[in-house]
Amino acid sequence: MPSDLERAMETLIMVFHRYAGKEGSDVSLSRKELKQLMETELSSFLKSQKDPAAVDRIMKDLDATGDGEVNFEEFVSLVVGLSIACEQLLQKHKHQWVSKSNK
Ligand SMILES: [Ca+2]
């Protein structure tokens with residue numbers, strides 16, 4: 001049976017291909033595919049950002065090869081970046097909670 005981490009990796013691959021396969025190349029996300037992926041799979045992140053230009057900016061940042069498409073490697077770097085931001089927020093909240101409960 002796969003572990004939590006193995007399942008998470010499998011999910012990353014599955015989600016990427018679910019959107020990458022919608023149009024054009026099967027192994028990369030077009031701007032439209034990336035927008036759909038972010039709106040559906042990262043909706044709470046986008047909501048908290050409240051920035052309509054966010055997808056365009058993220059697309060530009062991610063597209064290291066400059067071909068207007070986001071490949072799996074570029075997609076994973078987005079997920080890693082978001083995970084790091086989440087973990088930092090979590091640590092911050094944990095510290096706040098600990099200092100509050102100690103008062
Ligand atoms: Ca595609």
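Whatever order the structure lists ligands and atoms in, that order sets their numbers, starting from 1. Side chains are part of it too, since the values below use all heavy atoms of this structure and drop only hydrogens, waters and symmetry mates.
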>> Strictly distance-based, threshold 3.5 Å: is any side-chain N or O of E39 a donor or acceptor partner for the main-chain N or O of Q36?
In response: no
> If we only count heavy atoms from C-beta on, is the S28 to V70 side-chain gap below 4.5 Å?
Replying inline: no
> Where the Ca ion (ligand 1) is the centre, what is the OE2-to-O angle for E33 and S25, rounded to 10°?
Replying inline: 140°
> If you stand at the Ca ion (ligand 1) and look out to O of E23 and O of A20, what angle do those two lines make, to 10°?
Replying inline: 100°
> Would you say S30 has an N, O or S atom lying under 3.0 Å from the Ca ion (ligand 1)?
Replying inline: no
> Taking the six-membered ring for Trp, are F16 and F72 parallel (under 30°), tilted (30 to 60°) or perpendicular (over 60°)?
Replying inline: perpendicular
>> Could you walk me through whether E69 and R31 satisfy the salt bridge (Lys or Arg N to Asp or Glu O under 4.0 Å) test, starting with their C-alpha distance in whole Å, then the side-chain angles of each, then the deciding distance to 0.1 Å, before giving a yes or no?
In response: CA-CA 7 Å; E69 299 261 314; R31 185 178 298 264; over 6 Å; no
